[in-house]
Amino acid sequence: MHGGAMSDRHFDPAAAEARWQRAWDEAGCFAADRHGDRPKAYVLEMFPYPSGRIHMGHVRNYTMGDVLARYKRMTGHAVLHPMGWDAFGMPAENAAMEKGVHPGAWTRDNIATMRAQLKRIGFALDWSREFATCDPGYYGHEQALFLDLYEAGLVYRRESEVNWDPVDRTVLANEQVIDGRGWRSGALVERRKLDQWFLKITAFADALLDGLGTLDTWPDKVRLMQENWIGRSTGLQFRFRLSDGGSVEVYSTRPDTIFGASFVAVAPDHPLARAAAETDVEAAAFVEQCRKGGTTAAELETAEKRGLRIGVMAAHPFTGAQLPVYIANFVLMDYGTGAIMGVPGHDQRDFEFASTCGLPILRVVAPSVHEADAPLAEADTADGVLVNSDFLDGMRVAEAIAAVVARAEAEGWGEGKTVWRLRDWGVSRQRYWGTPIPFIHCEACGVVPVPREQLPVVLPEDVDFATPGNPLERHPTWKHVPCPRCGRAARRETDTLDTFVDSSWYFLRFASQPADRPFDPAEIARWLPVDQYIGGVEHAILHLLYARFWTRALAHVGRIALEEPFASLFTQGMVTHETYSLGDGSWLSPGEVRRDGADWVRIADGAPVTAGRVVKMSKSKKNVVDPDAIIDRFGADAVRWFMLSDSPPERDLPWSEAGIEGCARFVHRLWRLFGQRDPQAAGVNRALDRRVHQTVAGVAQDIEGLQFNKAVAKLYSLAGEIERAPPSASRSEAIRTLLLLVSPMMPHLAEEAWAGIGEAGLIAEASWPQVDPDLLVEDEVTVAVQVKGKLRDTLTVARGTDGAQLEALALASANVQRAMAGAPVRKVIVVPDRLVNIVT
RNA sequence: GCGGGUGUGGCGGAAUGGUAGACGCCGGGGACUUAAAAUCCCCUGAGCCUUGCUCGUGCGGGUUCGAGUCCCGCCACCCGCACCA
């Protein structure tokens, strides 16, 4: 029975991996242009930042994409599955400061390391299209595209706040601000205004919002998050007359609650606040205090709500009541007009503020007109009817909003307005390791674009990181250039672009890489949009929104004809691991501990270790495992299999030693099974044939739906089924089919076995098995029998047995009769082929 | 604070409103072996008066012949919040 030559050999993952990776390379199987005539499939995973080494999160991400890419190839597609590097960014500069290495050298070393790691895992990538965003051959084109947007009026400059470290005299990223202090200096961070470059993403707010409607294969949660982020709202913008003769413009999405207004508040940056600060020392001190601390929304919104009353009063547009005006730290200058009317009864922030300041809290919306004076323990934001509101009384909220807007417009003190939460995208970074912004500042001519023939503006290599701040700014010669317009001495822009710009069009560059242009429009037409994009949910808003914006902006300037870059999106979960700590709270890595009965101890000295929560793998908690070390021990196929097993791909995947051992066992178990294929065996096993065809169809469906854990479960099942089956022609064919089905997941084992059973050619180029639809259905079914909804028996009957017969069979069951205890039948529900429910 | 998500055995999870726990891991028992590893077979939600019954999908309600699945209200944890990528 065990005739194959393979069964005498053990499967040696290291040898097989090297052999077949070389074979794929030599055959050029994964070059995208290999099958020009086939329908296209562009499979893309978010490209990595070259941080040093590949981590398990990358392996999971790229394994999913790889399985899909290999499957698509087997089902007759021309597949574009590329890889590159998101190579600009802060960590390279940090490394330069800490270790004295050049950011470029550090980055290129990391890329070399990580490329080698990815190759070891056997991904079916078209490496001929690889690039890094820090290549001048990439970022030079980005500069040209930036100039396109500039010419189209989508780029502008304005003042904007940054986190300023007053000791290091440096702009800090949000993550470099810890508890309001600079991470290196420990100085209290301030907000400081700088002239910065902006992209007019708000010009596309409507289009980006509407476009979400076409992305029906994106996860609902991502579309919802983007929708909320764009934050379209309609409301009333209107003016309060001030007691000093001036006025203040406010915006409210709930103008219906206007009769509940008990104060007016402006942002600390609001002109009114600045004016007050000039004349009033107290106001100046308060505004100054508000400038302390970081710039993040979370920080601003969780800060205690504080305000300072200034000398003017605002007149209520309907009642004429004099409302106090405050400068308040919870009012944002970036949203609406930077000023609000405070309605404590129906806005939680206003409620908290009014409570601490002793301002009146009025109810103007109630569940019914009879509850007009129900007390408010907190802000009531529910729908209801207007009360205590003059001409609005009795209206529903929506009706009242329309009424107030109409009245304001008629009387000329306000107008209905659509406001977006989305703000323009600030792309200036006061850093070295990024794409130089291609502009020159001339005292006579102003801001002048670098002429296109002078692109790329290349970063200087000779920079020093001995002191904080932007090395481009203090470089002795780089920024000194003649003005392209008048020829007089001028200086280069020293800000570089946000790295999100780099990742906003890389998927276009993968489709073609001409030297003289960013991309070839014909190749964009051929490959785009990306058919399946896969990455972490942490990119659900920013990266994906920016990439959608760039695509539309490039279409707007005529570079491409494409609205949405990613036809389908999948967001995968994180790889997690148990954490280990000593009594003093210090973390230990998985390699430093071992199990000792029910407990954990440190290997070095037997010290007791606490096994803690299962959390995302991170260097700081030391709960990481290195992919290379795991491949050394178990082989690439076992790691790939683990990445696909058990956890649904959108959820977190807990790494475990036991789990990877189980996967490695299964790899070898399959090898033994493949070795049992006996081409001489005769006879048909119909039941096994059915299982095989059901599995082929099911696995295909699971892979297409990216439900790899379900595909894995089906493959385990089928393997067990085949193992238990006696030899037959059906069984031999089943083994060959199983090999094809596992090949996208365990490509090295599959190639080795494919060759072992004497098949010609590479399994990487084989076709997905055909399904016989007649074999998909069983002819017997198991029907559940319930009494009053509780399972009492099951029946095995021919598929399609009619209802009356099922009912009779059910009533004849002894278990059913006992459960009924003589009660009369009131109703019988029959679901053919599934269930009979007898209600008594 | 705001926005989004998740919750089912010891663990990861499966289940078009229709047999909860497929498949895998761990654990237990057995076979093979001088022995071990490897491999193979069986058992494995809890409880009980064990031909079978009761309970059970984070918690509390509801809809339904029937709810893990639908609705309402909570709790816990995770992700994002515009200069981390």
Side-chain angles (χ1 to χ4, degrees), chain A residues 46 48-49 51 86 88-91 162-163 171-177 196 201 219-222 224-229 231 294-303 305 330 334 348-349 352 421-431 498-500 503 536-543 545-546 571 573-574 576 613-616 645-648 650-654 656 658-663 665-666 668-669 672 709-710 712-717 720 723 782-794 814-815 818-819 826-829 831 834-840:
Chain A
M46 291 178 184
Y49 178 78
S51 55
D86 188 13
F88 276 135
M90 234 174 29
V162 293
N163 296 309
V171 177
L172 299 177
N174 285 336
E175 74 159 13
Q176 296 174 315
V177 180
Q196 307 209 62
I201 188 171
D220 289 340
K221 62 173 175 183
V222 175
L224 195 54
M225 280 191 265
Q226 293 217 350
E227 187 180 323
N228 290 335
W229 185 262
T295 56
T296 72
E299 240 175 311
L300 297 175
E301 284 170 39
T302 49
K305 290 170 190 43
F330 61 93
D334 289 320
Q348 191 55 34
R349 281 171 307 183
E352 286 167 33
R421 209 188 73 98
L422 181 68
R423 307 196 302 256
D424 276 339
W425 174 13
V427 294
S428 279
R429 296 294 181 269
Q430 293 70 38
R431 280 188 253 289
D498 180 5
T499 56
F500 272 126
S503 53
V537 71
E538 65 274 21
H539 296 292
I541 298 178
L542 294 180
H543 161 60
L545 191 65
Y546 291 148
T571 56
M574 302 175 299
T576 60
R613 295 180 38 183
V614 178
V615 297
K616 177 180 180 173
S645 304
D646 295 348
S647 286
E650 68 278 10
R651 292 228 215 132
D652 290 351
L653 172 69
S656 76
I660 184 67
E661 284 169 5
C663 291
R665 269 201 301 275
F666 185 63
H668 292 282
R669 187 175 139 203
R672 288 191 299 274
N709 57 319
K710 293 190 196 173
V712 163
K714 289 186 175 85
L715 292 168
Y716 270 121
S717 262
E723 282 168 339
T782 305
V783 173
V785 181
Q786 299 179 335
V787 176
K788 290 200 283 187
K790 280 195 172 158
L791 183 74
R792 296 301 173 187
D793 204 352
T794 58
N815 287 348
R818 188 166 350 106
R826 283 203 295 142
K827 191 174 172 186
V828 178
I829 287 144
V831 181
R834 293 223 65 133
L835 142 151
V836 179
N837 186 10
I838 296 160
V839 186
T840 60

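Below, chain A is the first sequence line, B the second, and so on; all start at residue 1.
- When heavy atoms are screened at a 4.0 angstrom cut-off, A/Thr782 is found touching base atoms of the nucleic acid.
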If you restrict it to nitrogen or oxygen atoms, what contacts under 3.5 Å exist between nucleotides 7-11 of chain B and the protein, and what is each distance?
unit_1 : atom_1 : unit_2   : atom_2 : d
B/G7   : OP1    : A/Arg651 : NH2    : 2.8

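- B/A46 and B/G9 are spaced 12 Å apart, taking the P atom of each and rounding to whole Å.
- Nearest to the side-chain atoms of A/Arg665 among the listed nucleotides B/G24, B/U19, B/C26 stands B/C26.
- No engagement by A/Arg826 is indicated, since no non-hydrogen atom pair under 4.0 Å with the nucleic acid exists.
- A donor-acceptor contact under 3.5 Å is not formed by the side chain of A/Asn228 with the base of B/G3.
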Can you give the dot-bracket line for RNA chain B, using ( ) for pairs inside the strand, [ ] for pairs that cross earlier ones, | for pairs with another strand and . for unpaired bases, where Watson-Crick and G-U count if both distances are under 3.5 Å?
(((((((..(((.....[....))).(((((.......))))).((((...))))..(((((..]....))))))))))))....
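- Comparing B/C43 with B/G21, their C1' atoms are spaced 16 Å from each other, to the whole Å.
- The residue A/Pro48 sits apart from the nucleic acid: no heavy atom pair falls under 4.0 Å.
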Quick one: what's the B/S/- string for nucleotides 58-83 of chain B, heavy-atom cutoff under 4.0 Å, read 5' to 3'?
-------B-----------SS-SBBB
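- Residue-level contact check: A/Ser645 touches neither bases nor backbone, having no heavy atom under 4.0 Å from any strand.
- Rounded to a whole angstrom, the distance from the P atom of B/U63 to that of B/U69 is 15 Å.
- Closest approach to the A/Arg792 side chain among B/A14, B/U54, B/G3 is made by B/U54 (side chain taken as heavy atoms from C-beta onward).
- Comparing B/U33 with B/U39, their C1' atoms sit 12 Å apart, to the nearest whole Å.
- Across the P atoms, B/U64 and B/C26 are found 46 Å apart, a figure rounded to whole Å.
- With a glycosidic angle no more than 90° from 0, B/G9 adopts the syn conformation.
- Nucleotides B/U54 and B/C77, compared at atom P, are 37 Å apart to the nearest Å.
- Among the nucleotides B/C55, B/G18, B/G12, the one closest to any side-chain atom of A/Ser647 is B/G12.
- For the P atoms, the distance from B/U19 to B/G68 is 10 Å, rounded to whole Å.
- The gap from the C1' atom of B/A76 to that of B/G58 amounts to 8 Å, rounded to the nearest Å.
- Across all strands, A/Lys714 comes closer than 4.0 Å to no nucleic acid atom at all (heavy-atom distances).
- Note: A/Tyr716 and A/Phe666 have tilted aromatic rings, judged against thresholds of 30 and 60 degrees for the angle between ring planes.
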